[in-house]
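In what follows, a single structure is set out as structure tokens and then discussed.
Residue numbers begin at 1 in each chain, while the letters A, B, ... track the order of the sequences.
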Amino acid sequence: MQFTLKRKIKTMDNREIAQKFYKVADILEVLGQNQFRVNAYRRAAQTIESLPEDINELYKQNKLTEIPGIGAGLKEKIEELITSAHSKEIDDLEKKVPIGVLELLSIEGLGPKKVKFLNSKLHINSINDLIKLIKSHRLLKFKGWGEKSEINILQGVEQYKKFSERLPLGIALPIAEELAEKIKNIPGVKRVEICGSIRRRRETIGDLDLLAISAHPEKTINSFVHLSVIKQVKASGPTKANVVLKQGIEADLRVIKPESFGAAMNYFTGSKAHNIHIRKLGQARNLKINEYGVFKKEKSGKFKFLTGAEEINVFKSVGLSYIPPEIREDEGEIELAKQNKLPRLIEDKDIKGDLQCHSEASDGADSIEELVAYAQKVMGYKYLAITDHTPSVGVTHGLNPKRVLEQIKKIDRLNKKLRNFRILKGMEVDIKADGQLDLPDEILKKLDVVIAAIHTGFKQPTEIMTERIIKAIRNPYVKILAHPTGRIINKRMPYNVDIEKVILEAKKLNKILELNAYWNRLDLNDVNLKLVKKIGLKNVINTDAHARVELKNMRYGVMTARRGWVEAKDVINAWPMERLLKFLKKT
DNA sequence: GCCGTTTTCGGCCCGACTGTTTTCAGTCG
């Protein structure tokens, strides 16, 4: 008789292979190797990351080289990674550049050349080394480094340190969802829910909180701490474990009794301020509310269990209607829930189209036809605006007037063939340093939707930047201001802009400020969205997709919109096409 | 490292901005 030894063959998925290639690109760059080779790795990583198919399947079907940008060399490396999770050549490269040196690249203003100089000439191997160097002012002796460099680096380090503890929602949520799936597959587990700040859809996440119902709590915890995705077990008891995942983020799993599950969800979703407010309402009614349930204080002084299985009953027990997790921040939601006057927050299914995406004509990965097919079939949209870049955003291969006209003709042709769907002709026009637009009006006026956006000159002072943006949206053909504050989560602060002034001006001009749904932007953020709503300005939620699968990032936009109390009626791409077109013509 | 209707070798999207320069290198998108 033959025993099948259940040996886990470690393989790598699309995301892990993409991460590996990004890392290789960084290493090669710091080593000063051929830039085109570096680009090849980075391009391949991007392609793999946004590949709709599982790369393991393509490998099995021997179709790896059909992926654009994958030739014989990368095919071989992918095969090694898939079959053994290692590649000799990559392992050797990783030995040449310490991880601390690669970390230096995350500091804004430090690119491969400077990092290489710091590492090879001054033996800087980590951020700590770098700080010491700056404080000694030794750097000033070298050509090309001045006082401003010192200040910028220190600021960059500070920013990096401040942000590096929390993961962006767009990274943390897929990790949490995968982990929840794995827990669901543990025998005896009946239900798993992701709670914590992820459930509130905060833009960055500190750790993962998961709750489960299980027939065998202790066995479940034991299976959990032995999952392959776990790097370190920090604590593990009969109903609860605290672990560190391979991705570096901490995760807590608690096994809860069914009769307490709703109360636990409420408790572990937070926010803290919201929970405290709810518990206070309970106290006033002689109720004790905790993670096990709602309890009534009896004359004897003992507490009697009232409810706990369903979350909504916790709210009901203190006279509130159900409050969606995204707005549980104690910022007025409890008062409105008392009067049953909460906003009806926008949902994924309300979105009818996307008004910003990029085709291969500029820096996108896919053709207009591919984007449209995906928007129609996968996303279920009624319209999609193609908004490629303009020439001044150099590397994007932006469209000059001649190419814009060609694209317009092409879209007109495609539209004739489409049923129940329309491609909108658009451009994401660069706003130059002086507020001028990168395309002439006679071109802009031929488009359905013109989006203006800043891509350079981020360091202008507030007044100049604000005037620059306002000048751009005053152009009669500009309808939308893309990623209005320019922040990149964990990487770049918003540029100096008086956003309130811009919002007020936009209201006056009847222009729209975008909520960019890409998870590292989420710009406008929840705070600004509330301001927009207060002023009565409409929104648009755009993915800014550079590949068709990125149209799926819409969900992060909707999540952030919900945190900003946004309703479907406020969002122009939740409107039917006719109404949207009418609106775009009028503004 | 990829790619091919100018190519199997020799290209490979580049413009704006910053901080350091005194004419430009590095970074960013």
Side-chain angles (χ1 to χ4, degrees), chain A residues 20-22 24-48 64-78 87 89-90 93 104-118 139-153 155-156 358-365 388-400 403 428-438 453-461 464-465 468 482-483 486-488 491-493 495-496 516 518 520-521 544 546:
Chain A
K20 204 75 173 170
F21 283 180
Y22 278 128
V24 171
D26 285 349
I27 293 172
L28 292 173
E29 208 162 36
V30 171
L31 291 173
Q33 297 226 8
N34 184 320
Q35 189 60 41
F36 299 111
R37 192 177 165 214
V38 172
N39 291 347
Y41 270 102
R42 213 161 266 157
R43 218 175 17 244
Q46 266 166 15
T47 309
I48 293 167
L64 287 176
T65 49
E66 287 181 30
I67 304 170
I70 307 292
L74 287 178
K75 173 182 177 237
E76 209 181 299
K77 294 198 175 59
I78 294 171
S87 151
E89 207 182 318
I90 295 177
L93 274 174
L104 297 176
L105 289 171
S106 321
I107 293 165
E108 209 189 351
L110 288 189
K113 298 279 163 57
K114 288 183 177 170
V115 168
K116 187 187 182 191
F117 173 83
L118 290 169
L139 200 48
L140 293 174
K141 286 188 288 196
F142 296 90
K143 200 182 149 206
W145 302 84
E147 278 176 32
K148 208 64 198 279
S149 314
E150 290 189 339
I151 294 168
N152 282 344
I153 289 174
Q155 275 176 355
H358 298 262
S359 79
E360 62 190 3
S362 65
D363 61 344
D388 280 306
H389 285 284
T390 54
S392 70
V393 192
V395 74
T396 64
H397 193 45
L399 275 61
N400 58 24
R403 293 182 63 212
E428 185 188 6
V429 186
D430 186 48
I431 304 172
K432 297 184 184 181
D434 60 358
Q436 299 273 2
L437 296 175
D438 197 26
I454 295 217
H455 297 98
T456 50
F458 300 130
K459 291 196 168 169
Q460 290 178 330
I464 292 176
M465 179 63 90
R468 171 184 178 190
H483 38 78
R487 65 100 172 248
I488 307 282
K491 175 101 183 173
R492 188 173 75 206
M493 297 296 281
Y495 25 72
N496 303 314
N516 191 295
Y518 201 91
N520 71 2
R521 286 194 182 270
D544 201 353
H546 284 68

Checklist outcome for this item: Its glycosidic angle compared against 90° from 0, dT20(B) adopts the form anti
Checklist entry - Between dG1(B) and dT5(B), how far is it from one P atom to the other, in whole Å? => result 23 Å
Checklist entry - Is it true that a side-chain atom of Asp388(A) and a backbone atom of Asp363(A) form a donor plus acceptor pair closer than 3.5 Å? => result no
Next on the checklist: Tell me whether the rings of His546(A) and His389(A) are parallel (<30°), tilted (30 to 60°) or perpendicular (>60°).
Outcome noted: tilted
Checklist entry - Using the ring of each side chain (for Trp, its six-membered ring), is His483(A) parallel, tilted or perpendicular to His455(A), with breaks at 30° and 60°? => result perpendicular
Checklist entry - Does Gln460(A) reach the main-chain N or O of Ala433(A) with its side chain, forming a donor-acceptor pair under 3.5 Å? => result yes
Next on the checklist: So does Arg521(A) get a backbone contact from the side chain of Asn516(A), meaning a donor-acceptor N/O pair under 3.5 Å?
Outcome noted: no
Item to check | Whole-angstrom distance between dC17(B) and dT23(B), as gauged at atom C1' | outcome: 16 Å
Checklist entry - What string of B, S and - do you get for nucleotides 18-29 of chain B, 5' to 3', when a contact is any protein heavy atom under 4.0 Å? => result -SS-----SSSB
Checklist entry - Does Asp430(A) offer a backbone N or O that forms a donor-acceptor pair with the side chain of Thr390(A) under 3.5 Å? => result yes
Checklist entry - Please give, in whole Å, the distance from dC2(B) C1' to Ile78(A) CD1? => result 13 Å
Next on the checklist: In this structure, how many angstroms lie between the P atom of dC3(B) and the CD1 atom of Ile70(A), rounded?
Outcome noted: 8 Å
Checklist entry - Is the backbone N or O of Ile431(A) less than 3.5 Å from a side-chain atom of Arg468(A), with the two atoms forming a donor-acceptor pair by type? => result yes
Checklist outcome for this item: Once base and sugar-phosphate atoms are separated, protein heavy atoms under 4.0 Å mark nucleotides 7-12 of chain B, 5' to 3', with B, S and - as -----B
Checklist entry - In whole Å, what separates the P atom of dT20(B) from that of dG26(B)? => result 14 Å
Item to check | DNA chain B: 5'-proximal contact among Gly73(A) and Arg403(A) (nearest heavy atom) | outcome: Gly73(A)
Item to check | Residue closer to the 5' end of DNA chain B, Pro68(A) versus Ala361(A) (nearest nucleotide) | outcome: Pro68(A)
Next on the checklist: Applying a 4.0 Å non-hydrogen cut-off, can you work out what Lys77(A) is touching in the nucleic acid: base, sugar-phosphate, or nothing?
Outcome noted: sugar-phosphate
Next on the checklist: What's Ala72(A) touching, base or sugar-phosphate or nothing? Going by heavy atoms closer than 4.0 Å.
Outcome noted: sugar-phosphate
Checklist entry - Given atom CD1 of Ile431(A) and atom C1' of dA16(B), what is their separation to the nearest angstrom? => result 15 Å
Checklist entry - dT21(B) and dT27(B): how far apart are their C1' atoms, nearest whole angstrom? => result 16 Å
Item to check | Nearest-angstrom distance, P atom, dT7(B) to dC12(B) | outcome: 15 Å
Next on the checklist: Please report the distance, rounded to the nearest Å, between CD in Gln436(A) and P in dA16(B).
Outcome noted: 13 Å
Item to check | Aromatic plane relationship, Tyr495(A) with Phe458(A) - under 30° parallel, 30 to 60° tilted, over 60° perpendicular | outcome: parallel
Checklist entry - What's the CG-P distance between Asn39(A) and dC3(B), to the nearest Å? => result 14 Å
Next on the checklist: Is any side-chain heavy atom of Ile454(A) closer than 4.5 Å to one of Met465(A)?
Outcome noted: yes
Checklist entry - Got Phe21(A) and Ile90(A) here, is their nearest side-chain heavy-atom distance under 4.5 Å? => result yes
Checklist entry - Say you pick atom C1' in dT8(B) and the same atom in dC14(B); how far apart are they, in whole Å? => result 27 Å
Checklist entry - So which nucleotide does dC3(B) pair with, by the Watson-Crick or G-U wobble rule with both distances under 3.5 Å? => result dG10(B)
Checklist entry - When all nucleic acid strands are considered with a 4.0 Å heavy-atom cut-off, which category describes Glu360(A): base, sugar-phosphate, or nothing? => result nothing
